[in-house]
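For reference, the structure discussed in these notes is given below.
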Number of protein chains: 2
Amino acid sequence: MKPTLQAVADAVGVSRSTVSNAYSRPDQLSTALRERILDAARQLGYPGPNPTARSLRRGFVGSIGVLFTSQLSYAFTDPFAISFLTGVSGAAERHGTSMLLVPLPPAQTDARRAVENAAVDGFCVYCVADEEWALDVIRARGLPYVSTAPRDDAGADERYVGIDERAAARSVAAHVAGLGHRRVALLADAVLPDAPAGPVTLSGAHEAWHPTTRGRLAGFADAFAEVGVDWAELTLVNALGNSRQAAAAAVAGLFDGPVPPTAVLAGSDILALGVLDALAQRPGGTNPPVSVTGFDDIPEAASAGLTTVRQPAEEKGRIAAELLLDPPADAAAGHVLLPTALVVRASTGPVPRS
Amino acid sequence: MKPTLQAVADAVGVSRSTVSNAYSRPDQLSTALRERILDAARQLGYPGPNPTARSLRRGFVGSIGVLFTSQLSYAFTDPFAISFLTGVSGAAERHGTSMLLVPLPPAQTDARRAVENAAVDGFCVYCVADEEWALDVIRARGLPYVSTAPRDDAGADERYVGIDERAAARSVAAHVAGLGHRRVALLADAVLPDAPAGPVTLSGAHEAWHPTTRGRLAGFADAFAEVGVDWAELTLVNALGNSRQAAAAAVAGLFDGPVPPTAVLAGSDILALGVLDALAQRPGGTNPPVSVTGFDDIPEAASAGLTTVRQPAEEKGRIAAELLLDPPADAAAGHVLLPTALVVRASTGPVPRS
DNA sequence: GATTCAGTCTGAATCGATACAGAGAGGTGC
DNA sequence: GCACCTCTCTGTATCGATTCAGACTGAATC
C-alpha cells in the first residue's frame, strides 16, 4: 500500500491539513515544519497528494479534452489535424494544462459514455462529422467547450474558432472558373452518411452531411453560378474517407466518359493529392491536363504544386485552446473567424482546347 | 449546481447504491427500476457519474499518460514522434483507454510536479533525453510504465520496447565505410547538455548525454573501427535541437576546411535532411558530393532519397501501449526489441576521387 | 410448513484529499 | 495590563461516487 497523506501526518505528528498545506500552500505553515513534513514524506515514499482525490475535492482536473469524432488513430495521419494538435499543445503547455485525447468507440452509446467519463475541465471539439450528441453530453456535464466546426444552430454564447468556409471555397472555385473550366467535378469525403464511392446526386450543397462540407460545396457552387454553371451541371463525387486512396478510388472512371471534367475541386488537400495520384496512374497520363485544387494547404501541398486555400491550422488549435483556457470576458470575442488565402500553384491551368 | 447521484436517488426514492448500480452494474437491479432511474436522471439533467469521484473510489482512471521529455509541442513536429503516437493511440483506442499528453515545464521541480499530478494509470515514456527523475516519480507513485529509451540500469522487470541502437547504427555506418569513406563526420542532437553547435570532442561514444545517442554513436564507431578508422579520427558535430535548421547550422563551415568530410552520418533523419539542406545551399553546390545518412526512415526520407535505417515507429508505439495496457505474464516478454533495416537510397555513394 | 435460494435493494464504510472557521501562542500598541 | 493582531496549526465537513455485507421478498424444493 502506498502511504497516504494521513500516513505522513501521523509520522510527523501533525494534522492532515498541515501536510496538505505543506504541498499546496507553503505560506500556511512555518518553513521548518514544512521541511520536516517533506522529509518524512520522502522517507515514507509518499509521492505527493493523489491527483484524483485532489481533483475531486478541488473541483477541477487540470486537463482539457480533445475530441475527434473520427478515429483518434486516424487523426494522427491527417496533417491538418496534426497542425491543429500542435497549436492546442502549445497553448496547453503555456498554460500548464494536460491534454486528454479521448478515442470514441464506433458505437454511439459507447462513444457517449466515453465523453461522459472523460476527466477534463473542458473540451476542444475538432469535429469532422455530425457532432451534436457530443456537444449535448458536454453541455449536460456543464463543461465549457470550443468547437471548430460551423454549426447551424450555434448559440451566440458558444465559443467557436473557424474560417468562412463558404467564402474560402468560393475563392478557389472562382480561380478555376476564371481559367475557363465549366465541366467540373466536386470531390468530398462522406457527402452523405451511406453514399457509395463515386458520383452522387444532391439537390444542393445544403444536403451534404458535414457542416464543413456543406459550406465548402456551397462556396464552390457560388463561384460557378456566377459564370452561369448551375449546381445540376456540376458532378459531385463522394469519397469513402479522407485519404489519398479513398480519393483515387472515388475518381476512378471519372475521366473515362465522353465529356470528362476538366477540373476537380476537392474538399481537402488529402483528397486532391489522391486525385493527382489517380491522374498520374492513368494510362493516358495527364494529357489532357486536369486542373485539381485542394483545401487547407497542408505541407505536402506545396511540394505537390497543389493549388489550394490556406487556413492557419496551428493557429486554429492555439486559439481553440486559448478560448477554452482563458475565456474572453466579451462573449463576442469567443467567436473567432480566421483569415484564409488562395494559394495558386501548378495544379491548375487553363482549359485545354480539345 | 449540477445534480449528483444522490439527487437522482432522492427523486426516484431509492438509495444511492441503486442509482450507482443502474449505471455500472445493470444486472444488479430490475430492468424496470433501471429505466425509471435513467429517465429521472435524464429529466434532472444528471450527466452520469462524476468521472473523478468514480476514479477515486475505483482506484483507476482509465487513461494512460504519454511523456515526452522534450517539449510537447515539439513532439508534434517530429514525424517519428507522430508515428509513435499513432501507434499508441491505435492501441489505446482498441483498449478503450484515453491518452493524457502531459507537457513538462522547463523547470525540473515543476516538471516533477506535473508527473506527480497526472491522473493516469500508467505511463508510456518516450524519452529523448535524461529521464531518470521522471521514472523515479512514476515508480514512487507505484504506477506501471513502459520506456522506449535504452537505459543502462534497467531492471530486469522493467518493461521496454526499442531497437538495438548500436547494431542498427553500425549497419548504416558499415555501408558508408564500404563505399570507401574514411573522413567522416557524425552529427547528433544535444551530444552534451551544454555543448555549442558545431564540432565537439568526446573521448568516446559513451560520454554522450542521451542513451540513444550513446548507442548510435557507438555503432557508428564500431563500423569504422573495423576498417581502421578510430574514434579520434571521426569528427563529432553537435546540433542544438533535432531540426533541419539546427542541423544546417551545426554543419555550417564543416565543409570549408582543407580536408572536408566526404560523408556525414546523422543521428536522425531530420538532422540528415538538414545536412542536405545545408549542402544544397552551398555556393559550390553538391560538388564534390557528400554522402549523408539518417536514422528512423521517416516518410520524408524516401522522397529525399535519404539512405537511412528503418525502425518500425508506429509499431513501437503500439507495443509500448500494449505492454502497458495488458502486461505479459512472463517478465521476459516485457522486453521487446524490434527489427531494423538498412535502407540504401541515393544520398550515399562512393567517395569521389579528388 | 420449514428450508433454501435467487433476485433486489439498502446502509454504512470508504476512496484521499482540500476548505474553512477557529483555537492557541506570542507579540504590539497604548 | 488589556485589547488586538498575526502566525501556525487543528478539526470537521465535504467533494461524488463505489463497495460489500446483509436485509427483505417471493418462489421453488422437500
Side-chain angles (χ1 to χ4, degrees), chain A residues 1-38 40-41 44-62 113 116-121 140-143, chain B residues 1-38 40-41 44-62 113 116-121 140-143:
Chain A
M1 263 305 272
K2 289 275 103 189
T4 66
L5 190 146
Q6 178 74 70
V8 178
D10 292 347
V12 183
V14 297
S15 78
R16 211 157 60 233
S17 314
T18 303
V19 179
S20 174
N21 284 335
Y23 282 94
S24 313
R25 311 175 144 189
D27 57 316
Q28 292 295 303
L29 70 173
S30 63
T31 323
L33 179 54
R34 184 172 130 93
E35 282 310 322
R36 211 144 60 79
I37 290 175
L38 263 29
L44 290 174
Y46 176 70
N50 177 309
T52 307
R54 181 198 285 249
S55 302
L56 175 59
R57 185 61 243 240
R58 296 230 253 215
F60 67 88
V61 178
R113 199 72 67 138
E116 286 167 355
N117 286 338
V120 297
D121 298 323
R141 288 187 56 182
L143 292 178
Chain B
M1 262 305 274
K2 288 275 104 190
T4 66
L5 190 146
Q6 177 73 70
V8 178
D10 293 347
V12 183
V14 296
S15 77
R16 209 155 65 230
S17 317
T18 303
V19 179
S20 173
N21 284 336
Y23 283 94
S24 313
R25 311 174 143 189
D27 58 316
Q28 291 295 301
L29 71 172
S30 63
T31 323
L33 179 55
R34 185 173 128 93
E35 283 310 322
R36 211 144 60 79
I37 290 175
L38 262 30
L44 291 174
Y46 175 68
N50 177 308
T52 308
R54 179 196 285 248
S55 302
L56 174 59
R57 186 61 243 242
R58 291 206 185 170
F60 68 87
V61 178
R113 197 72 66 141
E116 286 167 355
N117 286 338
V120 296
D121 299 322
R141 288 187 56 182
L143 292 178

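A note on names: the letters A, B, ... follow the listed sequences, proteins ahead of strands, and every chain is numbered from 1.
- Atom CD1 of A:Ile37 and atom P of D:dT8 are 13 Å apart (whole Å).
- Nucleotide D:dA27 forms a pair with C:dT4, judged by Watson-Crick or G-U wobble geometry with both contacts under 3.5 Å.
- Among the protein residues, B:Arg25 comes within range of the sugar-phosphate backbone only, with heavy atoms under 4.0 Å from sugar or phosphate atoms but none that close to a base.
- Atom-to-atom distance recorded for B:Arg54:CZ and A:Leu56:CG is 13.5 Å, nearest 0.5 angstrom.
- If you check every strand for non-hydrogen atoms under 4.0 Å, B:Ser24 touches sugar and phosphate atoms only.
- Atom pair A:Asn117:CG and D:dG16:C1' shows a separation of 14 Å (rounding to whole Å applied).
- Look at CG on A:Asp27: it is 12 Å from P on D:dC9, rounded to the nearest Å.
- The residue A:Tyr46 sits close only to the backbone: its heavy atoms come under 4.0 Å of sugar-phosphate atoms, none of a base.
- The ring pair (Phe, Tyr, Trp, His ring centres under 6.0 Å) pairs that include a residue from residues 16-37 of chain A are A:Tyr23-A:Tyr46, where partners are two or more places apart or lie in different chains.
- With D:dT18, D:dA13, D:dC9 as the candidates, the nucleotide lying closest to the side chain of A:Ser30 is D:dC9.
- Across the protein-nucleic acid pair, B:Asn21 atom CG and D:dA21 atom C1' stand 14 Å apart, rounded to whole Å.
- Looking only at side-chain heavy atoms (C-beta outward), B:Thr18 and B:Ile37 come within less than 4.5 Å of each other.
- Of the two residues near DNA chain C, B:Val14 and B:Arg58, the one whose nearest nucleotide lies more 5' is B:Val14.
- Of all heavy-atom pairs spanning A:Gly142 and B:Lys2, the tightest one is N-CD, 4.2 Å.
- Looking at B:Val19 and B:Val14, their side chains come closer than 4.5 Å, going by heavy atoms from C-beta outward.
- Backbone-only engagement by B:Thr4 is indicated by non-hydrogen atom pairs under 4.0 Å involving sugar-phosphate atoms exclusively.
- Computed from coordinates, the B:Gln28 CD to D:dC20 C1' distance equals 10 Å when rounded to whole Å.
- A:Gln6 has its CD atom 12 Å from the P atom of D:dT12, to the nearest Å.
- Residue contacts shown for A:Leu56 include a base, since a base heavy atom lies under 4.0 Å away.
- Between B:Arg16 atom CZ and D:dT18 atom P the separation is 10 Å, expressed in whole Å.
- Between chain A and DNA chain C, the heavy-atom contact criterion of under 4.0 Å yields a 5' to 3' nucleotide range of C:dG16 to C:dA19.
- Counting to the nearest Å, the P atom of D:dT14 and the CZ atom of A:Arg57 are 9 Å from each other.
- Looking only at distances, a side-chain donor or acceptor of B:Asp121 sits under 3.5 Å from a matching main-chain atom of B:Gly62.
- Within the 4.5 Å cutoff, no side-chain heavy atoms of B:Pro49 are placed close to those of B:Arg57.
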